[in-house]
Amino acid sequence: MSKIFMKSSWGSDDPTRASMIFEHGNALAQAGHEVRIFLLGDANVLARSVVRDNIFPIGWPPLAEHWDRSIELGIKIECCGACSFARGLTEEDIKEAGAFIGTPKTFVENVEWSEKIIAE
């Protein structure tokens with residue numbers, strides 16, 4: 001099975017695209033692949049529960065369900081620290097979401113760890 005690094009910058013302005021990284025990551029993890037997700041730019045607002053709980057992609061269950069399932073499947077979710085803090089998120093917001101603060105260093109580590117990279 002593969003080590004797959006996924007990144008996305010889709011936020012609440014496009015609920016369906018914002019949800020894709022989690023649904024696709026979950027499908028890959030359920031198939032036995034090891035998956036890591038890195039959120040950049042506007043995608044970081046998804047770490048706020050009030051946002052996550054109110055994202056309803058077309059044709060799919062709510063984003064909160066996908067996010068929670070990702071955590072259950074052991075997918076590590078990193079939120080770009082600079083991107084998050086610029087959007088008013090706190091370390092506590094990110095921690096409460098079950099995610100971690102990402103940095104340029106951890107981004108590079110994820111790229112080097114991976115066998116495949118998917119950008120959503």
Side-chain angles (χ1 to χ4, degrees):
M1 291 293 149
S2 297
K3 296 177 180 176
I4 302 171
F5 177 53
M6 304 179 75
K7 70 175 201 73
S8 177
S9 60
W10 291 103
S12 59
D13 61 322
D14 193 325
T16 302
R17 285 185 173 155
S19 301
M20 285 182 184
I21 193 168
F22 300 100
E23 180 63 25
H24 294 156
N26 293 350
L28 288 162
Q30 288 170 316
H33 300 283
E34 192 173 347
V35 178
R36 295 180 183 176
I37 292 174
F38 199 99
L39 302 178
L40 298 156
D42 290 337
N44 287 284
V45 301
L46 305 175
R48 281 195 183 106
S49 61
V50 68
V51 174
R52 205 169 47 254
D53 292 343
N54 288 288
I55 299 280
F56 300 95
I58 297 171
W60 291 358
L63 173 63
E65 289 181 28
H66 296 296
W67 184 292
D68 292 344
R69 184 70 178 137
S70 293
I71 300 294
E72 290 170 10
L73 290 167
I75 296 173
K76 182 179 183 182
I77 301 170
E78 286 187 68
C79 297
C80 168
C83 301
S84 295
F85 303 142
R87 288 161 177 77
L89 276 88
T90 65
E91 290 184 36
E92 189 61 31
D93 291 328
I94 294 167
K95 184 179 177 182
E96 285 179 9
F100 301 88
I101 296 172
T103 65
K105 181 180 178 185
T106 64
F107 184 87
V108 170
E109 289 170 356
N110 285 318
V111 169
E112 292 173 343
W113 161 86
S114 69
E115 296 167 345
K116 297 177 183 177
I117 298 172
I118 297 173
E120 294 267 8

Spacing of CZ belonging to Arg17 relative to CD1 belonging to Ile55, to within rounding of 0.5 Å = 14.0 Å
Listed once per pair and sorted, the salt bridge (charged side-chain N to carboxylate O under 4.0 Å, His left out) pairs that draw on residues 111-120, sequence neighbours left out | none
Would a distance-only check, ignoring hydrogens and angles, find a side-chain to backbone donor-acceptor pair under 3.5 Å from Ser2 to Ile4?
-> no
Side-chain donor-acceptor pairs under 3.5 Å in residues 40-48, sequence neighbours left out?
residue	atom	partner	partner atom	Å
Asp42	OD1	Arg87	NE	2.8
Asp42	OD1	Arg87	NH2	3.1
Asn44	OD1	Cys80	N	3.1
Asn44	OD1	Ser84	OG	3.0
Asn44	ND2	Leu39	O	3.4
Asn44	ND2	Gly41	O	2.9
Arg48	NH2	Arg87	O	2.7
Arg48	NH2	Gly88	O	3.3

What side-chain donor-acceptor pairs closer than 3.5 Å can you find for residues 59-68, not counting sequence neighbours?
residue	atom	partner	partner atom	Å
His66	ND1	Glu23	OE1	2.7
His66	NE2	Pro61	O	3.2
Trp67	NE1	Ala97	O	2.7

Tell me whether Ile37 is reachable from Ile71 by hopping between hydrophobic residues (I, L, V, M, F, W, Y) whose side-chain heavy atoms are closer than 4.5 Å.
-> yes
Is a side-chain N or O of Thr90 found less than 3.5 angstrom from the main chain of Asp93, in a donor-acceptor match?
-> yes
Report whether Val35 and Ile118 are members of the same hydrophobic cluster (ILVMFWY, side-chain heavy atoms less than 4.5 Å apart, transitive linking).
-> yes
Heavy atoms of Ala18 and Ile21 approach each other most closely as O-CG2, 3.9 Å
With sequence neighbours excluded, tell me which residues meet side-chain hydrogen bond (donor to acceptor under 3.5 Å, both in side chains) with Ser12.
-> none
Rounded to the nearest 0.5 angstrom, the CD-CD1 distance for Gln30 and Ile75 is 8.5 Å
Under the side-chain hydrogen bond (donor to acceptor under 3.5 Å, both in side chains) test, residues paired with Ser70 that sit two or more places apart | Asn26
Inspect the contact between Lys95 and Glu92 and indicate whether a charged nitrogen and a carboxylate oxygen are less than 4.0 angstrom apart.
-> no
Interatomic distance, Ile77 atom CD1 to Ser8 atom OG [nearest 0.5 angstrom] = 11.5 Å
Glu96 meets the salt bridge (Lys or Arg N to Asp or Glu O under 4.0 Å) criterion, sequence neighbours left out, with none
Which hydrophobic side chains are connected to Ile58, either touching it within the sub-4.5 Å cutoff or through other members that do?
-> none
Please answer whether the main-chain N or O of Thr106 pairs with a side-chain N or O of Asn110 as donor and acceptor at a distance below 3.5 Å.
-> yes
Sequence neighbours left out, what pairs pass ring-ring contact (aromatic ring centres under 6.0 Å, His included) with at least one residue falling in residues 25-49?
-> Phe38-Phe107
Under a single-linkage definition using a 4.5 Å side-chain heavy-atom cutoff for Ile, Leu, Val, Met, Phe, Trp and Tyr, are Phe100 and Val108 assigned to the same hydrophobic cluster?
-> no
Spatial distance of atom CH2 (Trp10) from atom CE (Met20) [nearest 0.5 Å] | 9.0 Å
Residues forming a salt bridge (Lys or Arg N to Asp or Glu O under 4.0 Å) with Arg36, sequence neighbours excluded | none
Linking I/L/V/M/F/W/Y whenever their side-chain heavy atoms sit closer than 4.5 Å, directly or via other members, would Ile101 and Trp113 fall into one cluster?
-> no
